[in-house]
Amino acid sequence: MNIIVALLFALSSTLQSKPCVNWTTAKNFDFYEIPRGKVPERMQWTEIEHLKHVRLNNAASILQRSTCKNRTLTTWMDQYLLVVEFKSGKKEKFIVSGYGYFLCALDGMFYYVNESDQEQWQSILDDFKEKINTNHLK
């Protein structure tokens, strides 16, 4: 029995070996509507640069309190692209669920918004959707 527990622990440790994003080093949070027919994972930076976006940096405080887990499967009903620019200048793409309180890095790490922040997170998504629908884009 102890061997099974040890193997499960080792497997779990291996799956969790990817580091979580350090959200305190993030500078800008740009939300994009994904163009019809496009796959976020395949979108090139040059393509993304030409899309209009909404910058909502108030996402930082919520994501700093999020939890991360390595997952491989999920069902997406509605999704958006989030590009986070870090203070180092590096940019990273995330897929944001429109019907849930999570987002996913392209490396498979999922970030879950804490229950106490879910209302505020939904407010950020609603703000983004409103600006997209009224064309208040940069």
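In terms of heavy atoms, Ala26 sits closest to Val84 at CB-CG1, 3.6 Å. Closest approach of Leu125 to Ser97, counting heavy atoms only: CD1-O, 3.6 Å. Between Tyr80 and Lys129, the shortest heavy-atom distance links the atoms OH-CE, 3.0 Å. The two residues Tyr101 and Gln122 have their closest heavy-atom pair at CE2-OE1, 3.9 Å. Between Pro19 and Tyr111 the shortest heavy-atom distance is O-OH, 4.2 Å.
Atom CG of Asp107 sits about 11.5 Å away from atom CD of Glu41, to the nearest 0.5 Å. The distance from atom CG of Asp126 to atom NZ of Lys131, rounded to the nearest 0.5 Å, is 12.0 Å. Interatomic distance, Leu82 CG to Cys104 SG, rounded to the nearest 0.5 Å: 11.5 Å. Leu63 contributes atom CG, which lies 12.0 Å from atom OG1 of Thr24 (distance to the nearest 0.5 angstrom). Between the OG1 atom of Thr25 and the CD atom of Glu85 there is a distance of 11.0 Å, given to the nearest 0.5 Å.
Counting heavy atoms from C-beta on, the side chains of Asp127 and Leu56 come closer than 4.5 Å. By the 4.5 Å heavy-atom criterion applied to side chains, Arg55 and Phe29 are not counted as neighbours. Side-chain contact between Pro40 and Lys93 is absent, with no heavy-atom pair separated by less than 4.5 Å. Looking at Tyr32 and Val83, their side chains come closer than 4.5 Å, going by heavy atoms from C-beta outward. When side chains are defined from C-beta on, Trp121 counts as touching Leu103, because their heavy atoms get closer than 4.5 Å. Here the side chains of Ser66 and Trp23 are in contact, with some heavy-atom distance below 4.5 Å. The shortest side-chain heavy-atom distance between Met109 and Val21 does not fall under the 4.5 Å cut-off. For the pair Leu51/Met43, a side-chain contact is recorded, criterion being any heavy-atom separation below 4.5 Å from C-beta on.
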Check step by step if side-chain contact (heavy atoms from CB on, under 4.5 Å) holds for Leu106 and Ile95. CA-CA 8 Å; Leu106 298 187; Ile95 302 170; 4.0 Å; yes
Check against side-chain contact (heavy atoms from CB on, under 4.5 Å), Leu81 and Ile48: CA-CA 9 Å; Leu81 177 65; Ile48 294 169; 3.8 Å; yes
What do the steps show when you test Asp117 against Arg65 for side-chain contact (heavy atoms from CB on, under 4.5 Å), and what is the final call? CA-CA 8 Å; Asp117 293 324; Arg65 295 184 297 273; 2.9 Å; yes
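Separation of the Phe31 and Phe128 ring centroids falls under the 6.0 Å cut-off.
Judged by the 6.0 Å distance and 45° axis criteria, Lys27 is not positioned over the aromatic ring of Phe86.
Within 6.0 Å of CD in Glu115 there are 12 or fewer heavy atoms belonging to other residues, nucleotides or ligands.
In summary, Lys38 and Glu47 engage in a salt bridge, as defined by a charged side-chain N under 4.0 Å from a carboxylate O.
A donor atom on one side chain and an acceptor atom on the other are not found under 3.5 Å apart for Asn114 and Ser116.
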